[in-house]
Amino acid sequence: MKWVYGNGMSTVAGAKIRGQLMAAPPDARCPLCRQGIVYQLDHFMPKSLFPALCVDPLNLVPVCERCNLIKGDQLPDQLENTLLHPYLDRISHERWLDARTAHDGEMVRLEFFVTPPATWDATLAARVAHHFQLFELGQRYAIAANRVIGDLTFRVDRQRVLGADMVRTYLQDEAHSRFASDANSIEGVTYATLAADDRYCQGPAAASGSVNSARPVSETNQRHGSGHMASS
């Protein structure tokens, strides 16, 4: 393995390839979580177990430090626990990320979870759910949504003066704008979920209700996966 590294990634040509791989993710975002900043190249198949793949570009994935620590050298014990490979598993073109709202007084919280499209088979649905849980994506996406909700407060309050329908239209427009470039945009899902919540659109004076779930953009109603809350 040392010889391979010395005659592979440690060479000038190897360093160039490494730089290209590290620069590949849009906005330097980790492809495993879509939140962290890429920090290092991870051997998707552990080099300790698969030394022949240690310099294979398909086995070198730029990841954030947190995801690299969570993943470690573990291998799946069954097909359903196989992690998603950023280069080989193409699921970004279909909407699978979903959320629901929950209210606590004037506070609104989002819970993220996986809703598999009808085109997925059971194995892919299980793999995405496993990936989502292992990397704690529900919790991380909830934190990101919390920031979006906080930034929305002033603009939504101004829209509420014109009525709940105006708020809803504004949120739907923002959601569609995000979904145009990313079918699973965390911001897009946040906007769409808030737009589907009558209580949020009406404001603090709306009639009480603890949870309102909906899919304004996708018609799929099947719910899967575990989620976490964000509050603001």
Side-chain angles (χ1 to χ4, degrees), residues 1 5 8-9 14-15 17-51 53-99 110-116 120 123-148 178 181-190 224-230:
M1 186 183 300
Y5 262 96
M9 300 307 289
I17 294 175
R18 184 182 189 282
Q20 292 173 339
L21 291 171
M22 287 292 291
D27 301 321
R29 293 292 180 182
C30 172
L32 296 182
C33 67
R34 304 196 305 151
Q35 288 292 290
I37 301 299
V38 293
Y39 173 78
Q40 57 198 134
L41 283 179
D42 171 63
H43 292 86
F44 194 80
M45 301 298 288
K47 62 183 179 183
S48 59
L49 300 175
F50 301 92
L53 300 177
C54 66
V55 294
D56 186 338
L58 281 178
N59 196 47
L60 297 174
V61 178
V63 298
C64 67
E65 185 174 14
R66 177 174 176 174
C67 285
N68 194 39
L69 290 174
I70 291 175
K71 177 179 173 295
D73 288 340
Q74 62 181 297
L75 290 175
D77 55 4
Q78 55 186 345
L79 186 59
E80 290 78 7
N81 290 342
T82 303
L83 295 179
L84 299 175
H85 194 300
Y87 303 153
L88 304 178
D89 292 304
R90 304 300 179 90
I91 63 171
S92 61
H93 63 288
E94 292 184 284
R95 172 84 180 274
W96 55 265
L97 183 62
D98 207 346
L110 261 62
E111 179 183 18
F112 284 81
F113 52 93
V114 175
T115 297
W120 289 7
T123 299
L124 179 57
R127 290 179 61 204
V128 175
H130 173 70
H131 189 104
F132 191 86
Q133 182 177 17
L134 177 67
F135 291 106
E136 303 171 336
L137 300 188
Q139 179 183 11
R140 301 186 72 176
Y141 294 171
I143 292 172
N146 191 59
R147 292 193 292 266
V148 175
R178 276 32 174 219
S181 58
D182 181 359
N184 296 285
S185 164
I186 298 168
E187 287 190 359
V189 173
T190 300
H224 290 274
S226 59
H228 295 264
M229 294 293 190

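If you take CG on Leu134 and SG on Cys33, they are separated by 11.5 Å, rounding to the nearest 0.5 Å. The NE2 atom of His85 lies 6.0 Å from the CG atom of Asn59; values are rounded to the nearest 0.5 Å. Of the inter-residue distances, the one linking Thr115 atom OG1 with Glu94 atom CD reads 12.5 Å to the nearest 0.5 angstrom. Here CG of Asn81 is found 9.5 Å from CD of Gln133. Values are rounded to the nearest 0.5 Å.
Contact check for Asp182 versus Glu187: no side-chain heavy atoms found under the 4.5 Å cut-off. Side-chain contact between Arg66 and Phe135 is absent, with no heavy atoms from C-beta onward closer than 4.5 Å. Looking only at side-chain heavy atoms (C-beta outward), Pro57 and Tyr87 stay at 4.5 Å or farther from each other. Two residues are said to be in side-chain contact when any heavy atoms from C-beta on lie closer than 4.5 Å; Val63 and Cys30 meet this criterion. Side chains of Leu110 and Val148 form no contact here, defined as non-hydrogen atoms less than 4.5 Å apart. Counting heavy atoms from C-beta outward, Leu124 and Pro116 have side chains that stay 4.5 Å or more apart. For the pair Asn68/Gln40, a side-chain contact is recorded, criterion being any heavy-atom separation below 4.5 Å from C-beta on. Contact check for Phe112 versus Arg140: no side-chain heavy atoms found under the 4.5 Å cut-off.
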What do the steps show when you test Leu32 against His131 for side chain to side chain contact (heavy atoms under 4.5 Å, CB included), and what is the final call? CA-CA 8 Å; Leu32 296 182; His131 189 104; 3.9 Å; yes

Give the C-alpha distance, both sets of side-chain angles, the deciding distance and a yes or no for side chain to side chain contact (heavy atoms under 4.5 Å, CB included) between Val38 and Arg29. CA-CA 6 Å; Val38 293; Arg29 293 292 180 182; over 6 Å; no

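The minimum heavy-atom distance linking Arg127 with Leu84 is given by the pair NH2-CA, 3.7 Å. Nearest heavy-atom pair, Ile37 versus Asp27, reported as atom, atom and distance to 0.1 Å: CD1-O, 4.3 Å. Across all non-hydrogen atoms, the minimal contact from Gln35 to Arg147 is OE1-NH2, 4.0 Å. Here the shortest heavy-atom pairing between Ala183 and Ser92 reads CB-O, 3.6 Å.
Between Trp96 and Trp120, the ring planes lie tilted relative to each other; the angle falls in the 30° to 60° range.
In this structure, the side chain of Arg34 engages the main chain of Asn184 through a donor-acceptor pair within 3.5 Å. Side-chain N or O atoms of Gln74 include one that pairs as donor or acceptor with a backbone N or O of Lys71 at under 3.5 Å.
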